[in-house]
2 protein chains.
Amino acid sequence: MYKTPMNDATRCFRRGPGELVVLGMLAHRPMHGYRMFRTLCESDDKIVYALCMNEGTLYPLLYRLERKGLVAGAWEKAGLRRRRRHYHITAEGRREYQHLGQAWHTLVRAVGTICAFKEAA
Amino acid sequence: MYKTPMNDATRCFRRGPGELVVLGMLAHRPMHGYRMFRTLCESDDKIVYALCMNEGTLYPLLYRLERKGLVAGAWEKAGLRRRRRHYHITAEGRREYQHLGQAWHTLVRAVGTICAFKEAA
DNA sequence: GTCTTATACATCGGAGAGCAATGTATTGTC
DNA sequence: GACAATACATTGCTCTCCGATGTATAAGAC
């Protein structure tokens with residue numbers, strides 16, 4: 001029987017582009033979690049808003065990325081007693097970001113090939 | 001507290017573009033399941049191959065689409081005693097296909113906005 | 001000064017879907 | 001007759017998403 005050799009472009013985005021998006025934001029500039037959340041979910045830009053994700057999705061996603069060494073977080077002071085976790089992308093994170101970007105590009109081209117969309121917005 | 005209003009473009013593709021891809025193939029022409037599988041996973045076209053999915057993914061996906069009335073299947077003869085299930089897209093399936101296509105387009109633009117890719121292949 | 005809202009992170013339970021593996025049966029090829 | 005290809009089916013495991021809820025601090029209204 002034919003055995004499926006899994007494809008990277010598909011595998012990377014089996015659960016959506018969440019990792020890519022978070023790495024993309026952090027590649028642009030360091031941020032803390034809640035700010036990423038608001039950026040995606042309250043952006044005036046209707047386009048960006050399409051990437052809105054739940055807090056219960058975003059925080060565990062950040063923890064996973066941190067465990068994998070793709071981002072690094074550090075507690076910083078925000079007020080007198082308040083702390084927040086400041087994240088930045090690591091060198092390995094940038095490599096993975098490049099990789100995911102390629103895979104995303106491949107996936108998009110593939111979908112475009114199968115589904116010949118009319119290029120109307 | 002800010003309550004997340006979930007977004008369609010994201011929600012539709014939380015589990016990848018599988019539905020869109022299958023509807024896209026069937027919008028082009030009717031096919032049976034194994035042929036779809038081979039089209040995605042054994043295509044000479046390296047681009048299309050990016051959409052390769054497991055049989056254990058594809059068949060349940062087809063059953064879901066059929067339950068939702070987006071595709072319709074009918075057994076046909078293939079040889080003397082062999083049968084296979086011939087699928088075609090329904091009118092409702094075409095509407096959903098348009099809808100998913102829009103959502104996909106939105107998602108792609110959104111990711112492109114957050115992750116400013118270099119347009120090199 | 002207290003009430004309300006916003007900021008900021010954390011976590012739990014349920015559900016849905018992907019994948020590897022395996023199984024059944026038929027057909028083609030050497 | 002053996003082996004591969006065709007074609008569909010199903011099970012168990014795992015992962016991740018989401019909604020909900022919780023904790024705590026800070027800011028603004030009045």
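In this text the structure is predicted, and so the values were computed from the model without any measurement.
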Engineer: Over 60° means perpendicular and under 30° means parallel, so tell me whether A:F13 and A:W104 are parallel, tilted or perpendicular.
Structural biologist: perpendicular
Engineer: Between atom NE2 in B:H32 and atom C1' in C:dT27, what is the gap in whole Å?
Structural biologist: 13 Å
Engineer: Expressed in angstrom and rounded to an integer, what is the separation of A:K77 atom NZ from C:dC9 atom C1'?
Structural biologist: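 Roughly 16 Å, once rounded to whole Å.
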Engineer: Would you please confirm or rule out a distance under 4.0 Å between OP1 or OP2 of C:dT11 and any side-chain N or O of A:Y63?
Structural biologist: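 No, A:Y63 has no side-chain N/O under 4.0 Å of OP1/OP2 on C:dT11.
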Engineer: Between A:I89 and A:L26, which heavy-atom pair has the shortest distance, and what is it?
Structural biologist: CG2-O, 3.7 Å
Engineer: Is A:F37 reachable from A:Y59 through a run of hydrophobic residues whose side-chain heavy atoms are each under 4.5 Å from the next?
Structural biologist: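 Yes, same cluster.
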Engineer: Using side-chain contact (heavy atoms from CB on, under 4.5 Å) as the criterion, list what pairs up with B:P30, not counting sequence neighbours.
Structural biologist: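 side-chain contact (heavy atoms from CB on, under 4.5 Å) list for B:P30, sorted by chain: B:H86, B:H88.
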Engineer: Taking the minimum atom-to-atom distance to the side chain of A:R38, which one of C:dT26, C:dA6, C:dA10 wins?
Structural biologist: C:dA6
Engineer: Could you check how far CG of B:L20 sits from P of C:dA17, rounded to whole Å?
Structural biologist: 16 Å
Engineer: Using whole Å, what does the distance between atom P of nucleotide C:dA25 and atom CG of B:L80 come to?
Structural biologist: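 Checked: the CG to P distance equals 18 Å.
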Engineer: How would nucleotides 12-18 of chain D be written as a contact map, 5' to 3', with B for base contact, S for sugar-phosphate-only contact and - for no contact, using protein heavy atoms under 4.0 Å?
Structural biologist: ---BBSB
Engineer: Which pairs of donor and acceptor atoms, one on a side chain in residues 67-78 of chain B, lie under 3.5 Å apart (sequence neighbours left out)?
Structural biologist:
from  : atom 1 : to    : atom 2 : distance (Å)
B:K68 : NZ     : B:E19 : OE2    : 3.0
B:E76 : OE2    : B:R84 : NE     : 3.0

Engineer: May I ask you to say what A:F13 touches in the nucleic acid, namely base, sugar-phosphate or nothing, with a heavy-atom cut-off under 4.0 Å?
Structural biologist: nothing
Engineer: So do B:L20 and B:Y97 actually touch side chain to side chain, heavy atoms under 4.5 Å?
Structural biologist: yes
Engineer: Roughly, in whole Å, what's the span from CZ in A:F37 to P in C:dC9?
Structural biologist: 11 Å
Engineer: If the cut-off is 4.0 Å, is B:Y59 near the phosphate of D:dC8, judged by side-chain N/O to OP1 or OP2?
Structural biologist: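 Checking B:Y59 against D:dC8: at least one side-chain N or O falls below 4.0 Å of OP1 or OP2.
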Engineer: To the nearest Å, give me how far apart OH (A:Y34) and P (D:dA24) are.
Structural biologist: 18 Å
Engineer: Given atom CZ of B:R35 and atom C1' of D:dA5, what is their separation to the nearest angstrom?
Structural biologist: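 Taking atom C1' of D:dA5 as the reference, CZ of B:R35 is at 15 Å.
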Engineer: Nearest whole angstrom, please: distance from the P of C:dG18 to the CG of A:N7.
Structural biologist: 15 Å
Engineer: Minimum heavy-atom separation for B:C52 to A:N7, with atom names?
Structural biologist: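 That would be CB-CB, 4.4 Å.
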